[in-house]
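Below: the structure, in structure tokens.
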2 protein chains.
Amino acid sequence: MAKPPKENSPITEHLAYLLAQANREINRQLETRLSKEGVPVEQWRILKVLSDGEGHSMGELADAVLLNHPTLTKMIDRMVSDALVYRVQDPKDRRKVLMFVSDRGKALSRRLNSLAVSQEEHIVESYGDKSTTELKRLLESLIGTAN
Amino acid sequence: MAKPPKENSPITEHLAYLLAQANREINRQLETRLSKEGVPVEQWRILKVLSDGEGHSMGELADAVLLNHPTLTKMIDRMVSDALVYRVQDPKDRRKVLMFVSDRGKALSRRLNSLAVSQEEHIVESYGDKSTTELKRLLESLIGTAN
DNA sequence: CTTCAATTGTTGAATATTCAATATTTTCAC
DNA sequence: GTGAAAATATTGAATATTCAACAATTGAAG
């Protein structure tokens, strides 16, 4: 039976370490797939979130895509240069900026999504449907607990 | 029943995203604890791995602590300045450098480990023993599958 | 209404990470 | 044994991220 890490358990038994390791590995796989389109994982996230067609403020977006505000600002600057997204000042609250995805961004988002889905299918294939579903359930629950 | 992400599933259903989110959250909690000693999470990992008293090469260590080689080199430089670890040229293979933890490093490692264990206990408390154990098992299995 | 605090987003400087190139040593084919 | 290729660690330049300060706007107390 696996026990919680006591005095001198190896680092590989710590939840924080296992999460970092698994995240690193899966992220690297995804990165490799997305590199076909020359796009970092974070931009896939941004495009995917914006693909609901709604305008999202920078703060909202930063939370959703797991980036700090200044990092997001600079990444969005690049994506604006690439004409993937654009800024609109929120008329209801002029402190805010609403982000929208362009047609070009939508097209890219579809291609990226197909790559991401294919990665996930590949994982399900080798790791198993049951394990994948259960792992997702546990992760969601952990995230819910932590907040 | 949770399904694999199809055409337009939200990003929150992707395994890669859930892992990133969970990792971010747990890592942030751990970071907060360790900040009591003014030490980043990576240094905890390094000290913990080296605490077996054996000498570890930089390559070995980089794999173990999930850092790229150049990043590790520079972090080790800082830790050497802080007298937490020291370098010894491997006599069997002079390309290699063996890293060892100093007494000061060992003492810090014990304090850090106690903080890390307390974090994990806190997670088990709110998240549950069964869920934690099961999540760890699934993560280990995923990591094994991915390699 | 006015003022002060809070919210939102961006900027620039400081810091950290990554990529490519390098130096050194070992391994292996011949 | 020699020379070419591989392995190991580090360096410096390019890039990215973070922190603290800022500007603009809104909210709220008086």
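Keep in mind the model is a prediction, meaning the values are calculated, not measured. Every chain is numbered from 1, with letters handed out A, B, ... down the list of sequences.
Taking the side chain of B:T73 as heavy atoms from C-beta on, and the options C:dT11, D:dT11, C:dT25, the nearest nucleotide is D:dT11. Of the listed nucleotides (C:dT17, D:dT26, C:dT26), C:dT17 has the atom at the smallest distance from the side chain of B:M75.
Annotation: proximity of residues 60-72 of chain B to DNA chain C (heavy atom, distance under 4.0 Å) is found for B:N68, B:P70, B:T71, numbered in ascending order.
Under the 30°/60° scheme for interplanar angles, the aromatic rings of B:Y86 and B:F100 are found to lie parallel.
The distance from atom NE2 of A:H56 to atom C1' of C:dG9 is 17 Å, rounded to the nearest whole Å. If you measure from atom CE of A:M99 to atom C1' of C:dT8, you get 14 Å, rounded to the nearest angstrom. For A:D90 and D:dT25, the CG to P distance is 13 Å, given to the nearest whole Å. Separating the NZ atom of B:K92 from the P atom of D:dT8 is a distance of 17 Å, rounded to the nearest angstrom. Regarding A:Q89, its CD atom lies at a distance of 9 Å from the C1' atom of D:dT25, rounded to whole Å. Look at CZ on A:R78: it is 13 Å from P on C:dT10, rounded to the nearest Å. Nucleotide D:dT25 holds its P atom 15 Å from the CG atom of A:L98, rounded to whole Å. The distance from atom CZ of A:R95 to atom C1' of D:dT25 is 6 Å, rounded to the nearest whole Å.
Note that CD1 of A:I76 is 8.0 Å distant from CD of A:Q43, once rounded to the nearest 0.5 Å. One finds the NE2 atom of A:H14 at 4.0 Å from the OG atom of A:S9 (value rounded to the nearest 0.5 Å).
Distances shown here put every side-chain N or O of A:R87 at or beyond 4.0 Å from the OP1 or OP2 atom of C:dG9. Contact check, B:S57 against D:dT8: no side-chain N or O comes under 4.0 Å of OP1 or OP2.
Comparing A:P91 and B:V97 by the nucleotide of DNA chain D whose heavy atom lies nearest to each, the residue mapping closer to the 5' end is B:V97. When the nearest nucleotides of DNA chain C are assigned to A:K96 and A:K74 by heavy-atom distance, the more 5′-ward of the two goes with A:K96.
Neither B:W44 nor A:L15 shares a network with the other; the hydrophobic side chains, linked directly or stepwise wherever heavy atoms of I, L, V, M, F, W or Y lie under 4.5 Å apart, form separate groups for each.
A:R78 has its side chain out of reach of A:L84: every pair of non-hydrogen atoms, C-beta onward, lies at least 4.5 Å apart.
One finds no salt bridge joining B:K92 and B:D90 here, because no Lys/Arg side-chain nitrogen approaches an Asp/Glu carboxylate oxygen to under 4.0 Å. Using a cutoff of 4.0 Å between basic side-chain nitrogens and carboxylate oxygens, A:D103 and A:K106 are scored as salt-bridged. Salt bridge absent: B:E140 and B:R137 never bring a charged side-chain N and a carboxylate O closer than 4.0 Å. With respect to the salt-bridge test (charged N to carboxylate O, under 4.0 angstrom), the residues A:E120 and A:K136 qualify.
Remark on the helix from C:dC1-D:dG30 to C:dC30-D:dG1: inter-end axis angle 30°, axes from five-pair C1' superpositions, rounded to 10°.
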